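Data block below; observations after.
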There are 2 protein chains.
Amino acid sequence: MKDKELTTEQKIKYVQDTLFVISGKWKLPILIAMNQGCYRFRDIQRSVLPITTRVLSRELKDLEENKLVIRTVYDAPKTVEYTVSPYCKSLKPLVDEMIKWGQNHRRKISGK
Amino acid sequence: MKDKELTTEQKIKYVQDTLFVISGKWKLPILIAMNQGCYRFRDIQRSVLPITTRVLSRELKDLEENKLVIRTVYDAPKTVEYTVSPYCKSLKPLVDEMIKWGQNHRRKISGK
DNA sequence: CTGTATCCATGATGATACTG
DNA sequence: CAGTATCATCATGGATACAG
């Protein structure tokens with residue numbers, strides 16, 4: 001954890017791991033929407049339109065496997081709830097950086 | 001730039017912009033290799049094996065369009081050099097975060 | 001509402017050969 | 001060495017219908 005001396009290969013591997021978890025068209029948008037308070041399947045879908053149920057279902061499963069979201073089923077009445085896990089908060093610095101960089105990049109490219 | 005009050009839609013848009021620029025299997029590995037001192041087409045290819053010339057060529061063009069790498073042609077002898085642009089340094093905080101997160105995530109998933 | 005099942009379109013990547 | 005051209009393959013995501 002304190003070892004900053006990673007080889008290039010290791011750096012590449014870790015970056016690819018990260019990309020693998022968060023890339024794709026929808027994963028981060030879904031997480032952002034969920035952080036905004038959406039927790040029902042339908043609510044999430046509406047927030048991240050135009051995602052289809054098939055894709056949303058798949059993405060939520062991936063996120064669950066990566067321990068970023070938690071799926072809870074309640075009986076009586078039967079409902080399903082998705083919530084971001086505590087671990088998901090560890091993504092915040094990364095996402096914030098991405099927002100910042102993307103915002104700046106848009107200026108850089110279109111403005112110039 | 002000081003305006004932190006972005007809407008969810010804006011955040012999603014900027015994140016997607018960023019993902020679009022850096023995602024794909026090779027872009028970040030290429031940039032990392034270039035930061036390690038590779039500047040010739042062939043050197044880069046060897047560092048990021050097993051990328052093909054076709055894909056590397058395409059990726060370098062994309063990166064050039066996004067002003068992250070600079071392609072320079074010299075005569076006498078005719079050589080082509082790729083270098084990371086100064087602007088590319090703006091990606092460092094993001095990449096560092098990705099390395100850090102990926103490293104931790106591997107522990108989280110495999111260790112648990 | 002919360003999904004799953006099919007089928008399909010597209011883009012991204014790979015293999016290989018070839019050119020200046 | 002620095003690419004381009006072609007063709008093949010595969011992963012991603014979309015459309016639609018349908019099930020519990």
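Numbers restart at 1 for each chain; the letters A, B, ... are given by sequence-line order, proteins then strands. Quantities reported herein were computed from a predicted structural model and do not represent experimental measurements.
A side-chain contact (heavy atoms from CB on, under 4.5 Å) with B:Leu31 is found for one member of B:Leu91, B:Val95, B:Ile44 and no other, namely B:Leu91.
One interatomic measurement links the two molecules: CG of A:Leu56 to C1' of C:dT2, which rounds to 10 Å at whole-angstrom precision. For A:Asp43 and C:dG3, the CG to P distance is 13 Å, given to the nearest whole Å. Between the CG atom of B:Leu19 and the C1' atom of D:dG13 there is a distance of 15 Å, rounded to whole Å. Between the OH atom of B:Tyr74 and the C1' atom of D:dC1 there is a distance of 16 Å, given to the nearest Å. The distance between atom CD of A:Gln45 and atom P of C:dC1, rounded to the nearest whole Å, is 9 Å. Look at CG on B:Asp75: it is 15 Å from P on D:dA2, rounded to the nearest Å. The distance from atom CZ of A:Arg46 to atom C1' of C:dG3 is 15 Å, rounded to the nearest whole Å. Distance B:Glu64 CD to D:dG3 C1': 13 Å, rounded to the nearest Å.
The side chain of A:Phe41 has C:dT2 as its nearest neighbour among C:dC1, D:dC1, C:dT2.
Here A:Tyr87 and B:His105 bring their ring centres to under 6.0 angstrom of each other.
Side-chain contact annotation: A:Thr72 with A:Glu81, donor-acceptor N/O pair under 3.5 Å absent.
Using a cutoff of 4.0 Å between basic side-chain nitrogens and carboxylate oxygens, A:Lys100 and A:Glu97 are scored as salt-bridged. Ion pairing between a basic and an acidic side chain is recognised when a charged N comes within 4.0 Å of a carboxylate O; B:Asp17 and B:Lys13 show no such pairing. Salt-bridge formation is detected for the pair A:Lys27/A:Glu59: a Lys NZ or Arg NE/NH1/NH2 atom is positioned less than 4.0 Å from an Asp or Glu carboxylate oxygen.
Put simply, A:Tyr82 has no side-chain N or O that comes within less than 4.0 Å of OP1 or OP2 on C:dC1. Between B:Arg42 and D:dC1 there is a side-chain polar atom (N or O) within less than 4.0 angstrom of OP1 or OP2.
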Base, backbone or nothing for each nucleotide of nucleotides 6-20 of chain C, written B, S, -, heavy atoms under 4.0 angstrom, 5' to 3'? BB-----BBB-----
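Without hydrogens or angle criteria, A:Ser85 side chain to A:Lys67 main chain gives a donor-acceptor distance under 3.5 Å.
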